[in-house]
Amino acid sequence: MKKICKKSLLSLFLALCFILSFGMMVACDEDTEKPGGLDGTDDEPPYTVTVLKDDGTPANGVKVNVLKGRTRLSSGTTDDNGKTEFDLAPDSYTVELDTMPERFRMPDNANLSLTEEKRDLTVTLEKFGYMVKLVHPDDTPYYREDVSVAICELGSTLCNDYVTLGNDGVAFFDYPTNSYHVKLLGLPEDAKYELDKDDFYAGENFSPTNRDLKIVISTSLHLNIALTTKMTAEEKTAYASNHKSYNETIRQYDAYKFTTEVAAKGTASFSFTPEVTGIYYIFTDSKLHYTNKQVASGYLSSTIICKAGEVFTIAAENYDNSPTTAEFVIAAPFSSFVEHKGLGGDVSLRVGRANTFAVIEFTPNTGAVYTATVQGSASAYVTSSTSHPDELANSIPDENYQTNASAKGATPYGISTPIYFAVAVKADEYPVNVTLKIEQGALSTYEYATVQEELSQAIKPEGTLHGIPMDGTSTEKLTYDEDAKAYRFGTDTNAPIVYVKLTKALDEDRFSSGCSLAYIELTSVYIATYTADSEKEDGSILTTDYSKFLRGFTRDKYKITQNMQNTIYSMPDPKDIEDGEYYAKYVNEDGAYPLTQELKEFLEAFYQTNKGNILNQTEIKATNQKAKDAWLFPCYYYA
């Protein structure tokens, strides 16, 4: 009896040991496999947001924000497949979209929710509005000041709304989704397009899916010019007697003269295709209105850069009630003029004659010293400068020509300052094609001042966003609040706090060429003034993670003035800017900081150091600007 009990107890003990061992093994395995992460697990799939256009193609470059309540937790940008992913704890979230493709918006009924169960969200954007574009037969924009466009619902011949044609040949209608047909008004008699029996465009109509129409406008006179018959020396001399700008230097260029009869109130178009990329000089008579169809302004400059193989079109418009003759002269370059941007690389050039230069306007995107070297066996001479050299050079000594000729140039005034390299070639026959290799050398050095105090990013207040006006009175209205450790705009204790806008986005359109930069790094704000130094290589030069100060208006809100040379953008009056029309619609997108005492001193110093490069630039030029308020250009308040 005792023996049997011992055996049973032993069996029971061994069974218990096996069960305990197996349980410990399972427990160990469970500990090994147990995931981690935001919610204690790391095997949760990511949340995926896909953004598509209504034709099913991916929408890349769309900024996607994920919010929990009113708090933004994460942001991403869609890739070429329209997708972006977020590693977040399992929960419910809301999605918002920003920087959407032009003329696309989110439907009102779009589902923008993510949940623990629904981790994949697809948002389909809808295209809105209808666009009509008028073009010449060579596909260049057609524009006349008095032309307007109307669209009407199919089945109706009554159009109540007309849109004036833009100088790019485009009219846009933000109409509800429907089917429409198009009518043009104010076209001159010699302008023709396909018409139906009701005088509507006889081609395609607008529909919910077909929202863009291109209408070809043919004119009764269009000349395709070949630059083959050159003016003689006698013809050039005779032409110069009536055109003072056709000077002795330009008379050395090959020239071509064209004339044609233009009907009363008519237009004649002239097209030519250059053989060489370069600067062409255009001379016209004063009887007609000449326009350049390649630029939005339509202004025909006497100096035009034309690209080899690309059609260039000039229109001569006759506003008189009687026919007249259009006459113009083209002076064509011997050698190339090439605009090149970036870090460097190989540039192809053509040198047309002895003692003439092919010129490269090289605009680097990093301040540095650059070396330009002629490749191959050509005997060449290279120079560099910060101003545009003449194509025609004086006689160059033979000893200046050499194989692998090179020259160095630097960017002493900032990132976007051009360097001009000029190349001449000694050869038995011309033209000569050569390749110039541009290489980056020592980086530019810089000096900086630092704001030492810690800057805390502000929470966006309620109210309407305003830029601080720079009219000479704002500095007197600033009051320092000891409790808030910041300046208020006004003397009242409840006056709005002034915020400084610091942007982290790199956008060359925000500042003009040669501006000094300011950028934010951690909690410090730096000012950087660039100088070129070929003797040093400073490894701590600014990286791509820098920022520029920004006043904050969208480009189309500037006051635009057109003069004979270029377009001038002037600061708009803050009272003319509605909430949401700033670039900084949500000012904390890039970073807003209360104006502290030290930050105020920094801004004042920044302006004093760089005033020639800030408000005097055309894109942010303030009218009637008083110097004492100029430092306020990145400052805002909420009212």
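In this text the structure is predicted, and so the values were computed from the model without any measurement.
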Stepwise side-chain hydrogen bond (donor to acceptor under 3.5 Å, both in side chains) test for Lys307 and Thr277: CA-CA 4 Å; Lys307 294 184 179 180; Thr277 297; over 6 Å; no

Atom CG of Asp80: over 12 foreign heavy atoms under 6.0 Å: no

Is the backbone N or O of [Y] less than 3.5 Å from a side-chain atom of [X], with the two atoms forming a donor-acceptor pair by type?
X      : Y      : answer
Asp168 : Pro141 : no
Thr84  : Gly76  : no
Thr479 : Gly490 : yes
Thr124 : Leu52  : no
Asp79  : Lys83  : yes
Thr78  : Gly61  : yes

Look up atom [atom1] in [X] and atom [atom2] in [Y], then write down how far apart they are to the nearest 0.5 Å.
X      : Y      : atom1 : atom2 : result
Asp54  : Phe104 : CG    : CZ    : 5.0 Å
Ser92  : Leu114 : OG    : CG    : 8.5 Å
Asn81  : Thr57  : CG    : OG1   : 11.5 Å
Lys118 : Thr48  : NZ    : OG1   : 12.5 Å
Thr491 : Leu478 : OG1   : CG    : 11.0 Å
Tyr93  : Glu116 : OH    : CD    : 9.0 Å

Compare all side-chain heavy atoms of [X] with those of [Y] and state whether any distance is below 4.5 angstrom.
X      : Y      : answer
Glu361 : Val338 : no
Phe206 : Ile151 : yes
Leu88  : Lys68  : no
Leu213 : Val182 : yes

Aromatic plane relationship, Tyr637 with Phe489 - under 30° parallel, 30 to 60° tilted, over 60° perpendicular: tilted

Criterion side-chain contact (heavy atoms from CB on, under 4.5 Å) against Leu125, the qualifying member of Arg103, Met100, Arg105: Met100

Counterpart residues, ring-ring contact (aromatic ring centres under 6.0 Å, His included), relative to Tyr480 (two or more places apart): Tyr487

From CA spacing to verdict: side-chain contact (heavy atoms from CB on, under 4.5 Å), Leu134, Lys214: CA-CA 6 Å; Leu134 307 187; Lys214 182 189 289 186; over 6 Å; no

Residue pair Glu339, Thr363: steps toward the side-chain contact (heavy atoms from CB on, under 4.5 Å) verdict: CA-CA 8 Å; Glu339 294 175 309; Thr363 305; over 6 Å; no

Test ring pair (Phe, Tyr, Trp, His ring centres under 6.0 Å) applied to Tyr370 and Phe362, step by step: CA-CA 10 Å; Tyr370 292 85; Phe362 170 56; 5.0 Å; yes

Salt bridge between [X] and [Y], side-chain N to carboxylate O under 4.0 Å?
X      : Y      : value
Lys127 : Asp55  : no
Lys53  : Glu126 : no
Lys133 : Asp212 : no

Between Thr177 and Arg211, a side-chain donor and acceptor under 3.5 Å: yes

Check against side-chain hydrogen bond (donor to acceptor under 3.5 Å, both in side chains), Ser75 and Asn65: CA-CA 4 Å; Ser75 296; Asn65 300 319; 2.6 Å; yes

is_close_aromatic(Tyr130, Tyr180), centroid dist under 6.0 Å: yes

